[in-house]
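Since the structure comes first, as structure tokens, the remarks are kept for the end.
Chain naming here is simple, since letters A, B, ... match the order of the sequence lines and numbering starts at 1 in each. Just so you know, these numbers use all the heavy atoms, side chains as well, and skip hydrogens, waters and symmetry mates.
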2 protein chains.
Amino acid sequence: MAAVTLQDVAQRAGVSQATASRVLNGSSRVPGEDVADRVRTAARELGYVPNAQAQALARASTGLLGLVVHDIADPYFSSIVRGAQAAARAAAKQVLLASTDRDFDIERESVSTFIAHRADAIVLAGSRQSGHLDRELEAEFERYRANGGRLVVIGQPLAYGGAVEPENQAAAAELAEALMDAGHRQFAVIGGPGSIRTAVDRRNGFVEALCRRGLSTVVEVSGDFTRDGGYSAARRLAAALQLEPGAAAAPVCVFAVTDVMAIGAIAAWRELGLQVPRDVCIAGFDDIPTLRDHTPSLTTVALPLERIGARAVELALHGAGDIDDLRERVPGRVLLRDSTRLD
Amino acid sequence: MAAVTLQDVAQRAGVSQATASRVLNGSSRVPGEDVADRVRTAARELGYVPNAQAQALARASTGLLGLVVHDIADPYFSSIVRGAQAAARAAAKQVLLASTDRDFDIERESVSTFIAHRADAIVLAGSRQSGHLDRELEAEFERYRANGGRLVVIGQPLAYGGAVEPENQAAAAELAEALMDAGHRQFAVIGGPGSIRTAVDRRNGFVEALCRRGLSTVVEVSGDFTRDGGYSAARRLAAALQLEPGAAAAPVCVFAVTDVMAIGAIAAWRELGLQVPRDVCIAGFDDIPTLRDHTPSLTTVALPLERIGARAVELALHGAGDIDDLRERVPGRVLLRDSTRLD
DNA sequence: CTGAAAGCGCTTACAG
DNA sequence: CTGAAAGCGCTTACAG
């Protein structure tokens, strides 16, 4: 990668390397217009491209932003990344992306690499067990932070670093309220893995809201945080409730903790001949764009995913201030639609 | 970012910097076990993390892979990125991601930055006008390549660089064949922007296959490469064909060049009271995961998106050989489903 | 096997 | 305003 160097440019322009550096980058010490012109011309003619690695080494900052997500192909995360990417561009930062497949080793490894690359900030999207990182990761972050690195989490806050928190619990509670207001009285839940905080929060918010009005769930099942997880959980649920086509007087209303799981559930029920919302109702969470045209339209909670991603990056980059104090809560918005319609 | 340095480690271990460097990285010159142990211990105790920037400067390579996509929130691209990410990890490379919103200036800017960061390779996903980059981009790539940078495009090949080509045209033709075999005789097309090669190829492949059997499209409309583009195009199509609920003896079969557009089209028709496949049939392209449970199930062409992303990275990283010769074609697979069912 | 030293390509006090 | 020089943190021939 033997490219044109600053030295080459300086030589051709007949100035020192220092001068060339000053005109080519926004230094406060501005050389005379004539000299500057010569340098710019030389740079253009030679096709000079500054070596960001060398700049990073000489300066304090790399202009890199590390972004860790569980699964980039999951629309939840890709929306977050889209927002993060836009905010990074606005701040002239480059995004280093890691998609971990929810593997903790890969996650740790990715973070290490980001630190090795001296990313100016790291954004961690996707919640983990009870807000705790494992020891090694924690130790790395400790040093990272000591060296001026900034950390922002999307989800529940860690012991240090900023956080953008979707109000999963509160929003799930609102959803429950809305459903009860709509006349529902029988509820069930399709939850996610107990190790995923987001899943737990949503489930808890929903169930507690029911409790407050003296109701409780008829049954709860859970599965992976995926379409297939929703599918298999829904089969178990159907068996547990002995759901049958056309049999229900008042359909049970099921809350699946993500839209993607809800879609899997509907698919499972369809195979059993069950219709939504006639035989069973369902609500999801996330308001995934590609699912907005689903039939029946899915009752869900909209989270401003792109804005969440963008805010996380802004907090991470917003130079001044103690980052540990940067906590932002983002509310969800309940969308009542056909999948929970009572005739 | 004043972190622990190699020098610190060397000092603590009582060896030279060179020795420390050799034990901490897989050098061929392996120091004695005792010395090595001392160094490793010192590194661990100090929490040493190598500075990738400095390493990149000293070595020839940065370990960075630049990946450019049109829109990371589009499931088409996020699937590609997932595959690319996995392949990059397998090769111990870090992914630098840019999502350009289909803006050519942003794209050019992103590529420049990747080059500035001395990415070892760049993968460009998402086709552009007639296989030509604009002059500036082209000139940059020229130099990039001259300096040992490797370029791989997903889509139609450029004048240089490797390419992974989804066989859009051939697959669209197969789709047309399959639909004709299924008994369809009346066809229409919802195309994409004329500037997007992928859209054009799919449209052409489909229409030419019809021609070969003496058929032609009743009407063609086009729109943006998005859900809304499909939606509005579908409204125009409905007007042009004077589609009415329950009126059609044999429904027209519409080919939308992407699944996402097809979904928008179905939504538009639904609002007009038109049912799929009773009043109008539709087929898409891409086999987007979140749409697999759509009702009615969508006839489409499956493209192994993750594999495409992974292969692009593999070609880009596969050190030896002239990269310009690396061309790989990836076939699609036709999936006939309910949305084109004839009763 | 180990070390002293040059070099990777920039930036930035420090002088002039 | 401009330049010589040190320094950012590593790697790697070149000697020993």
Rounded to the nearest 0.5 Å, how far does OH of B/Tyr76 lie from CD1 of B/Ile154? 7.5 Å
Secondary-structure stems for DNA chain D, with pairs counted as Watson-Crick or G-U when both distances are under 3.5 Å and runs at least 3 long: C:1-3 with D:14-16, C:5-12 with D:5-12, C:14-16 with D:1-3
For B/Asp103, side-chain hydrogen bond (donor to acceptor under 3.5 Å, both in side chains) partners two or more places apart: none
Reckon A/Thr5 has a side-chain N or O less than 4.0 Å from the OP1 or OP2 of C/dC8? no
Would you mind telling me which residue lines up with the more 5' stretch of DNA chain D, B/Pro50 or A/Ser16, judged by nearest nucleotide? A/Ser16
How many Å lie between CZ on B/Arg118 and C1' on C/dC8, as a whole number? 11 Å
Would you measure the distance from the C1' atom in D/dT12 across to the matching atom in D/dG16 and give it in whole Å? 16 Å
Only counting residues at least two apart or in another chain, list the ones meeting side-chain hydrogen bond (donor to acceptor under 3.5 Å, both in side chains) with B/Arg108. B/Asp105, B/Asp134
Which heavy atom of A/Ala312 sits nearest to which heavy atom of A/Val123, and what is that distance? CB-CG1, 3.9 Å
Can you check the B/Asp37 CG to C/dC1 P distance for me, whole Å? 15 Å
Roughly how many Å is it from CG in B/Asn51 to C1' in C/dG9, rounded to a whole number? 14 Å
Give every residue pair that meets the salt bridge (Lys or Arg N to Asp or Glu O under 4.0 Å) criterion with at least one member in residues 10-19 of chain A, sequence neighbours excluded. A/Arg12-A/Glu45
To the nearest Å, give me how far apart NE2 (B/His117) and P (C/dC8) are. 21 Å
Sort and list the pairs that fulfil side-chain hydrogen bond (donor to acceptor under 3.5 Å, both in side chains) and have at least one residue in residues 77-94 of chain B, not counting sequence neighbours. A/Asp71-B/Arg82, A/Asp101-B/Arg82, B/Arg82-B/Glu306, B/Lys93-B/Asp120
Taking salt bridge (charged side-chain N to carboxylate O under 4.0 Å, His left out) as the definition, give me every residue that meets it alongside B/Glu165, ordered by chain and number, with sequence neighbours left out. B/Arg329
Taking only the side-chain heavy atoms of B/Leu57 (C-beta and beyond), determine which of C/dC10, C/dG3, D/dG9 contains the nearest atom. D/dG9
Report, one pair per line, the protein and nucleotides 11-15 of chain C atoms (nitrogen or oxygen only) whose separation is under 3.5 Å.
residue : atom : partner : partner atom : Å
C/dT11  : OP1  : A/Asn25 : ND2          : 2.9
C/dT11  : OP1  : A/Gln55 : NE2          : 2.9
C/dT11  : OP1  : A/Arg59 : NH2          : 3.2
C/dT11  : OP2  : A/Ser21 : OG           : 2.4
C/dT11  : OP2  : A/Asn25 : ND2          : 2.9

Apply side-chain hydrogen bond (donor to acceptor under 3.5 Å, both in side chains) to A/Gln11 and list each qualifying residue two or more places apart in sequence or on a separate chain. none
How many Å lie between CD on A/Gln7 and P on C/dC10, as a whole number? 9 Å
Residue mapping more 5' on DNA chain C - nearest nucleotide basis, B/Val15 or A/Val49: B/Val15
From CG of B/Asp8 across to C1' of D/dG9 the rounded distance in Å is 10 Å
Contacts of type side-chain hydrogen bond (donor to acceptor under 3.5 Å, both in side chains), residue B/Ser16, not counting sequence neighbours: B/Thr19
